[in-house]
Undergrad: 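Please read through the structure below; I'll follow up with questions.
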Amino acid sequence: MRIMPGSLAGLSDWLRLRQQLWPDCATDDHQGEIRQILAEPRRYGCWLARAADDAVIGLAEASLRHDYVNGTESSPVVFLEGIYVAPDHRRRGVAQQLIEHVAQWGKTLDCLELASDTSLDNLVSQALHHALGFEETERVVYFRKRL
């Protein structure tokens, strides 16, 4: 397996994995976000995992955040925006290798922490985060009131 930075050359594979991770997002929105990631390499990063047969089987996207990130103590912070591994390639260390690349990118940007989030009901994602060495820092319920 190889981990490669996201690029225009791998756009269709990148888009396909994004659509699997975030199926409710429109294709045009995905494409716009990919363009933004590619245009700002010191603010955003993407890594794609390729199997021995060159099939793209995993994706990790991260951003550099200077604003407050819940549960962190430093700034800037690398924030894992999303991680996805194709179902038939899970539990083989793909996500771990992707996270290692995200962490290395953060270190080159002088970050001391890697943060992430998931919804309270996404138990699969919570288990993955724990398996990848993340520690839970807090649980939050957001509220709103229409004016």
Side-chain angles (χ1 to χ4, degrees), residues 1-27 29-140 142:
M1 178 180 37
R2 295 174 304 151
I3 307 295
M4 309 293 291
S7 68
L8 285 177
L11 185 64
S12 62
D13 290 321
W14 185 355
L15 177 61
R16 177 179 49 80
L17 291 180
R18 273 184 137 255
Q19 289 171 321
Q20 292 172 359
L21 178 58
W22 296 297
D24 295 332
C25 186
T27 299
D29 292 338
H30 280 302
Q31 290 171 332
E33 290 172 4
I34 288 171
R35 282 192 298 274
Q36 184 176 13
I37 290 168
L38 291 171
E40 298 182 66
R42 288 196 51 81
R43 183 173 177 205
Y44 300 106
C46 172
W47 296 266
L48 301 173
R50 290 187 176 273
D53 65 359
D54 214 35
V56 176
I57 58 170
L59 157 80
E61 290 184 7
S63 66
L64 184 65
R65 293 193 181 182
H66 293 275
D67 56 327
Y68 173 71
V69 175
N70 290 8
T72 64
E73 300 172 353
S74 63
S75 181
V77 171
V78 174
F79 194 85
L80 180 65
E81 300 290 348
I83 188 164
Y84 179 81
V85 176
D88 53 342
H89 292 277
R90 292 179 183 166
R91 296 188 176 272
R92 297 183 187 172
V94 177
Q96 182 65 47
Q97 287 191 38
L98 286 164
I99 286 297
E100 288 170 8
H101 279 76
V102 172
Q104 186 57 43
W105 177 69
K107 289 176 185 177
T108 67
L109 298 171
D110 297 324
C111 294
L112 302 175
E113 296 174 283
L114 170 58
S116 184
D117 65 7
T118 191
S119 61
L120 290 173
D121 62 344
N122 192 340
L123 301 181
V124 171
S125 180
Q126 291 175 39
L128 172 65
H129 280 80
H130 286 289
L132 293 173
F134 285 86
E135 62 180 301
E136 185 175 318
T137 59
E138 61 187 70
R139 290 185 173 242
V140 177
Y142 293 96

Undergrad: Return the minimal non-hydrogen interatomic distance between Trp105 and Ala62, and the atom names on each side.
TA: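 Here Trp105 and Ala62 meet closest at CZ3-CB, 4.0 Å.
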
Undergrad: Using the test salt bridge (charged side-chain N to carboxylate O under 4.0 Å, His left out), find all partners of Asp67 that sit at least two apart in sequence or belong to another chain.
TA: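 With neighbours one apart ignored, the set is empty.
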
Undergrad: Which heavy atom in Leu98 sits nearest to a heavy atom in Ala60, and how many Å separate them?
TA: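 Shortest heavy-atom separation between Leu98 and Ala60 comes out as CB-CB, 3.9 Å.
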
Undergrad: Walk me through whether Val78 and Val102 qualify under side-chain contact (heavy atoms from CB on, under 4.5 Å).
TA: CA-CA 8 Å; Val78 174; Val102 172; 3.6 Å; yes

Undergrad: Which residues pass the ring-ring contact (aromatic ring centres under 6.0 Å, His included) test with Phe134, sequence neighbours left out?
TA: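 Expected list: His129.
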
Undergrad: With side chains defined as the heavy atoms from C-beta onward, is the minimum distance between Ile99 and Leu114 less than 4.5 Å?
TA: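 With C-beta onward as the side chain, the pair touches.
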
Undergrad: Restricting to salt bridge (charged side-chain N to carboxylate O under 4.0 Å, His left out), what partner residues turn up for Glu135, sequence neighbours left out?
TA: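 Per chain and number, Glu135 pairs via salt bridge (charged side-chain N to carboxylate O under 4.0 Å, His left out) with no residue.
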
Undergrad: Please list, chain by chain and in numerical order, all residues satisfying side chain to side chain donor-acceptor pair (under 3.5 Å) with Gln19, sequence neighbours excluded.
TA: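 With sequence neighbours excluded, Gln19 shows a side chain to side chain donor-acceptor pair (under 3.5 Å) to Thr27, given in chain and number order.
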
Undergrad: Which atom pair, heavy atoms only, marks the closest approach of Gly58 to Val94?
TA: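 Heavy atoms of Gly58 and Val94 come nearest at CA-CG1, 4.4 Å.
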
Undergrad: Roughly how far, to the nearest 0.5 Å, is CG of Leu15 from CG of Leu11?
TA: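 Reported to 0.5 Å precision, the distance equals 6.5 Å.
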
Undergrad: Show your working on side-chain contact (heavy atoms from CB on, under 4.5 Å) between Arg42 and Leu64 and close with a plain yes or no.
TA: CA-CA 8 Å; Arg42 288 196 51 81; Leu64 184 65; 5.9 Å; no

Undergrad: Mind checking what makes side-chain contact (heavy atoms from CB on, under 4.5 Å) contact with Ser12, not counting sequence neighbours?
TA: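 Residues passing side-chain contact (heavy atoms from CB on, under 4.5 Å) with Ser12: none at all.
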
Undergrad: Tell me every residue that passes side chain to side chain donor-acceptor pair (under 3.5 Å) with Asn70, counting only those two or more places apart in sequence or in another chain.
TA: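 Only Glu138 meet the side chain to side chain donor-acceptor pair (under 3.5 Å) criterion with Asn70.
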
Undergrad: List the atom of Gly10, the atom of Arg50, and the distance in Å for their closest heavy-atom pair.
TA: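 Between these two residues, the closest heavy atoms are CA-NH2, 4.4 Å.
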
Undergrad: If a pair satisfies salt bridge (charged side-chain N to carboxylate O under 4.0 Å, His left out) and one of its residues is in residues 87-101, list it, with sequence neighbours excluded.
TA: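 Every candidate salt bridge (charged side-chain N to carboxylate O under 4.0 Å, His left out) pair involving residues 87-101 fails, so no pair, neighbours aside, qualifies.
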
Undergrad: Between Cys46 and Ile37, which heavy-atom pair has the shortest distance, and what is it?
TA: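 Shortest heavy-atom separation between Cys46 and Ile37 comes out as CB-CG2, 4.2 Å.
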
Undergrad: Search all heavy atoms of Gly6 against all heavy atoms of Leu38 and return the closest pair with its distance.
TA: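 Smallest heavy-atom distance, with atoms named: O-CD2, 3.6 Å.
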
Undergrad: My understanding is that only residues two or more places apart in sequence, or in another chain, count here; which of them pass salt bridge (charged side-chain N to carboxylate O under 4.0 Å, His left out) with Arg35?
TA: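 For Arg35 there are no salt bridge (charged side-chain N to carboxylate O under 4.0 Å, His left out) partners, ignoring immediate neighbours.
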
Undergrad: Using side-chain contact (heavy atoms from CB on, under 4.5 Å) as the criterion, list what pairs up with Glu113, not counting sequence neighbours.
TA: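 Glu113 satisfies side-chain contact (heavy atoms from CB on, under 4.5 Å) with Thr72, Glu73, Ser74, Val77 once adjacent residues are dropped.
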
Undergrad: If you look only at pairs with a residue in residues 54-64, which of them pass as a side-chain hydrogen bond (donor to acceptor under 3.5 Å, both in side chains), with sequence neighbours excluded?
TA: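 Residue pairs with at least one partner in residues 54-64: Arg2-Asp54, Trp14-Glu61, Arg18-Glu61, Ser63-Glu81.
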
Undergrad: Who are the side-chain contact (heavy atoms from CB on, under 4.5 Å) partners of Asp53, not counting sequence neighbours?
TA: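 Ala51, Ala55.
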
Undergrad: Can you name the side-chain contact (heavy atoms from CB on, under 4.5 Å) partners of Asn122, sequence neighbours left out?
TA: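 Partners of Asn122 under the side-chain contact (heavy atoms from CB on, under 4.5 Å) test: Thr118, Ser119, Val124, Ser125.
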
